[in-house]
Amino acid sequence: DVCPHRLAPLSEGRIEPKTGRIQCAYHGWEFDADGKCHTIPSMDIESCDRHCSQKESCAVTFPSKVVFGLVWAWLGKGEPQGSPMELFIGSDLEGEIITRTYTRDLAYGYDTLMENLID
């Protein structure tokens, strides 16, 4: 769950609607499902292509799927076993419609945030 650039958690990022790739919330690097970096907003196209082709620019990937609007990742060894849907069988949530909200708590002050956003 880290961006190889500054080790920011990719789970704090978002899926970029235009590309369908996960985008790091820190500096906007974008990664495909295989972890390959495709976009580095602060670089020109030639530099971006050269940098993205390096192994060090790739994110670590795990088998995953979207269930109830959340991304579930298999962190175990080998092939995934079971399904996230099985967690809800027999619970009060089985058959329910799930809605979602997003709140992001930052464990630092606005001044640190602004300094890093300008970076």
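Numbers here are sequence positions counted from 1. These numbers come from a predicted model, not from an experiment.
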- Query: Side-chain contact, heavy-atom cut-off 4.5 Å: C48 with H38?
  - Reply: no
- Query: Under 4.5 Å between any side-chain heavy atoms of E16 and T19, yes or no?
  - Reply: yes
- Any donor-acceptor pair under 3.5 Å from S57 side chain to H51 backbone: yes
- Message: With a 6.0 Å cut-off (strictly less than), is the heavy-atom count around CD of Q54, excluding the residue itself, greater than 12?
- Response: yes
- Check the hydrophobic clustering (I, L, V, M, F, W, Y; side-chain heavy atoms under 4.5 Å; chains of links allowed) and say if V60 and L75 are grouped together. yes
- Item | Heavy atoms from other residues, nucleotides or ligands near CG of L7 exceed 12 (cutoff 6.0 Å) | yes
- Message: Could you check whether any side-chain heavy atom of V2 comes within less than 4.5 Å of a side-chain heavy atom of P9, counting everything from C-beta outward?
- Response: no
- Non-hydrogen side-chain atoms of F62 and P80 separated by less than 4.5 Å: no
- Check: S47 side chain, D44 main-chain N or O, donor-acceptor pair, under 3.5 Å: no
- Linked, directly or transitively: W72 and I15 (ILVMFWY side chains, under 4.5 Å): no
- Output, in order, the C-alpha distance, side-chain angles, deciding distance and verdict of side-chain contact (heavy atoms from CB on, under 4.5 Å) for C37 and H5. CA-CA 10 Å; C37 183; H5 177 227; over 6 Å; no
- Note on the structure: Residue pairs meeting salt bridge (Lys or Arg N to Asp or Glu O under 4.0 Å), one or both in residues 22-41, sequence neighbours left out, come to R21-E30
- Task: Verify side-chain contact (heavy atoms from CB on, under 4.5 Å) between C3 and F31, making sure each step is shown before the conclusion.
- Result: CA-CA 9 Å; C3 176; F31 303 90; 3.8 Å; yes
